[in-house]
Amino acid sequence: MRLSDADTTAQLNGWVRRRRDHGGVIFVDLRDRTGITQVVFDPQIDEKAHALADSVRSEFVLNVSGTVRERAPGELLFNADAAFQAELVNGTPLSTEFRSLFSDLDTKYTLSDDVKVNVREPDKRWLLTDIENNRTYDIEREADSLSIYQGTVNPELATGEIEVAVDSLNILNTAKTPPFPVEDDIEVAEDIRMRYRFVDLRRPEMQKTLEMRHKAALTARNYMNEQGFLEIETPILMNSTPEGARDVLVPSRYYPGKFYALPQSPQQFKQILMMSGVDRYFQIARCFRDEDTRADRQLEFTQLDIEMSFAGVDDVLEITEGLMKRIFEEAGDIPVQTPFLRLPYYESMARFGNDKPDTRFGMELTDLSDVMADCDFQVFTRALSSGGQVKGIAVPGGADFSRKDIEDLTEFVATYRAKGLAWVKVTSDDQPESKYSSGIVKFFKTEQLETAQERMGAKPGDIMFFVADRPKVVADALGSLRLHLGRKLNMIDENRYNFLWIVDYPLFEWNEEANRYEPFHHLFTGATEETLPLLDTDPGRVQSQHYDLVCNGSEICSGSVRIHRWDVQQKIFDILKIKPEDIKNRFGYFIDALEYGTPPHAGIAPGLDRIVMLMRNEENIREVIAFPKSQQGLCPLTHAPSTVTEAQLEELSIRVDIDI
RNA sequence: GGGCUCGUGGCGCAGUUUGGUUUAGCGCGCCUGCCUGUCACGCAGGAGGUCGCGGGUUCAAGUCCCGUCGGGCCCGCCA
């Protein structure tokens with residue numbers, strides 16, 4: 001409802017956000033999904049409604065009807081010379097003389113610099129809004145002067161220019177005092193919010209998230225439909241596979257001792273759909289992984305699952321880019337430039353220490369192994385001689401870090417197995433000998449530090465951090481340190497969205513302990529045409545046709561071109577040393593299908609939760625799920641999982657072997 | 001499986017390090033009364049906690065010790 005609705009009658013349903021009882025007149029802020037409207041109970045309009053409104057409390061559910069009216073001017077503050085009318089044009093700064101009329105009255109009326117003028121009736125009425133001080137003034141032209149009234153418009157409300165004068169109130173329900181106020185920016189522990197999620201979700205920002213999530217899914221459906229994709233449901237109860245994450249299991253009543261598994265993703269079914277002649281499939285699919293959770297990981301989550309036949313890498317990337325653009329622009333009002341940058345996996349690892357880089361800031365990792373090869377610092381040389389590396393990052397302004405700061409950061413990298421964090425501060429001193437400050441400077445030739453400084457791009461006032469260790473540890477430690485400091489030092493522009501593809505992944509990873517190769521992603525990931533011959537000679541160098549889409553340090557899509565030829569699949573199984581009987585038991589149906597004319601196909605799975613997190617700028621996945629589970633996998637509302645009756649267990653032939 | 005951290009009226013927090021003037025304090029909210037233009041309304045008065053739980057040390061425990069439960073972040077795990 002807006003000013004244009006004035007003088008119409010209206011009926012409103014909603015919850016009471018706040019009640020302001022002035023004895024004679026009662027104001028109630030009534031909230032529904034669309035926002036807040038002020039409703040007024042005036043005994044002169046309806047005595048019964050006013051009397052009833054006396055009992056109204058926060059979060060009561062009301063139905064009111066009345067007249068929409070423009071908010072009338074308040075108390076007359078002063079009269080001013082009619083000549084000031086010339087200033088009442090938006091964009092024209094108010095004169096000092098005019099301003100002083102306000103401040104002379106009372107300091108609380110002193111106008112800020114941020115004052116807006118709205119002409120309501122040309123040459124007759126104006127609304128003056130002091131945005132900074134959150135005050136309004138009504139100005140009316142009299143015969144030969146201007147009357148300035150205290151305004152009753154609330155510039156913070158979209159409906160702030162109007163109110164509903166109630167002539168009939170119906171209290172649809174009462175409510176206990178809510179455990180926390182139903183408004184944005186509250187400071188309440190998350191478990192309290194979760195326990196009262198039905199109250200929490202009433203808050204405007206939560207409503208906004210729910211709506212944005214809905215729009216994202218709707219946009220995805222529309223887009224995929226336009227692109228010729230069919231939405232097909234795949235089973236929720238399926239076979240357990242020992243690969244990858246732990247399955248969520250469901251016992252079978254018909255087959256004692258046997259279990260269904262909930263899908264970790266519809267991977268195999270969507271590939272079978274390709275074999276079934278559905279050349280373009282998608283699904284908004286719930287996926288389940290029984291692993292420990294994190295801030296961005298939940299036991300169950302939602303993917304926009306996509307698969308297409310006769311398609312290669314470029315086809316999938318192009319469709320996905322279009323999808324992302326549509327979702328972010330239509331659901332999130334965030335402009336997106338396509339195509340996205342493609343970054344090879346090895347380059348991402350080298351520069352950022354991980355394959356989901358946040359590229360909104362610099363502070364990239366720099367390899368210094370060659371420079372440090374002949375230094376006297378044994379921590380470095382020992383790491384290098386045992387096949388490790390020395391890398392560093394330069395932290396802007398880090399020369400100010402205290403000993404305690406550095407100690408804390410050392411502790412931070414220790415969680416990633418780094419045994420230490422070497423540091424050298426770059427001072428503004430010009431002399432090469434005294435330019436670098438640190439306990440370890442003596443172990444290096446000045447030229448070594450100078451080369452390091454130059455490569456890292458460190459400036460006077462910066463600190464250089466070094467980690468020397470196995471490549472994995474160096475990458476983990478420095479990559480995480482980079483992100484940690486980037487956040488802490490406010491180097492990240494929250495309004496930017498940096499999309500990029502990570503490509504050219506290896507197909508296999510060597511497992512030291514097991515002394516064999518393991519798939520880098522999964523068993524059905526295809527290899528590039530060029531590196532396919534290496535399968536026989538040097539499997540470690542085979543490149544996969546896998547791709548990840550990353551945005552602001554978050555992996556939001558993952559996919560690949562799949563293997564569609566039986567002979568290639570066979571070779572993969574050989575390299576991975578999977579026994580033929582295992583293949584038959586675990587993937588028999590799948591292998592079977594592969595031999596009946598499988599088209600080349602490829603797919604991807606954008607994570608809906610993470611997309612909404614990005615668009616809402618949320619760090620926690622629970623914020624974008626209506627009813628999330630706690631970190632321990634408990635449902636704060638229903639307290640699932642729960643025990644079941646003996647009778648239920650008996651039907652399932654299950655005996656529970658713990659004391660409850 | 002491991003590390004860190006939090007737990008004090010309905011909510012947010014102080015007090016815990018150095019046990020004892022705290023009958024456990026503050027803000028918000030709540031309740032009652034007054035108030036016809038507020039929008040974080042105002043004014044006056046009031047109710048409400050035994051400090052997550054269990055055990056121990058002590059003359060004395062919110063405060064120290066042990067255990068346990070719950071929330072969160074991270075490593076492992078997970079793509």
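So that the names make sense, note that chain A is the first sequence line, chain B the second, and so on, each numbered from 1. Because only heavy atoms are used, hydrogens play no part in the values below, and waters and symmetry mates are left out as well, while side chains stay in.
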Inset, instruction - Verify the distance criterion only: is there a donor paired with an acceptor across the side chains of A/Thr34 and A/Asp32 at less than 3.5 Å? - result: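 Result is yes, a qualifying pair exists.
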In whole angstrom, give the distance that lies between atom [atom1] of [X] and atom [atom2] of [N].
{"X": "A/Tyr196", "N": "B/rG71", "atom1": "OH", "atom2": "P", "answer": "16 Å"}
{"X": "A/Arg246", "N": "B/rC77", "atom1": "CZ", "atom2": "P", "answer": "11 Å"}
{"X": "A/Met349", "N": "B/rA79", "atom1": "CE", "atom2": "P", "answer": "17 Å"}
{"X": "A/Ile186", "N": "B/rA40", "atom1": "CD1", "atom2": "C1'", "answer": "15 Å"}
{"X": "A/Asp548", "N": "B/rC78", "atom1": "CG", "atom2": "P", "answer": "16 Å"}

Legend entry - Gap in Å between the two C1' atoms, one belonging to B/rC78 and one to B/rU18, rounded: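 After rounding to an integer number of Å, I get 46 Å for this pair.
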Using a cutoff of under 3.5 Å, can you pull out all pairs of nitrogen or oxygen atoms linking the protein to nucleotides 1-6 of chain B, with atom names and distances?
unit_1	atom_1	unit_2	atom_2	d
B/rG1	O6	A/Asp292	OD2	3.3

Legend entry - N/O donor-acceptor pair, side chain A/Gln631 with base B/rG70, under 3.5 angstrom: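 No such pair is found, so the answer is no.
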Inset, instruction - When you get a sec, tell me which of B/rC41, B/rU38, B/rC35 is the closest nucleotide to the side chain of A/Asp21? - result: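 Of B/rC41, B/rU38, B/rC35, B/rC35 is nearest to the side chain of A/Asp21.
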Inset, instruction - Look at all strands and tell whether A/Ala72 reaches a base, only sugar-phosphate, or nothing, counting heavy atoms closer than 4.0 Å. - result: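 Nothing, no nucleic acid heavy atom in range.
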Inset, instruction - Using only side-chain N and O atoms of A/Arg193, determine if any of them is under 4.0 Å from OP1 or OP2 of B/rC11. - result: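 For A/Arg193, the contact criterion (side-chain N or O under 4.0 Å from OP1 or OP2 of B/rC11) is not met.
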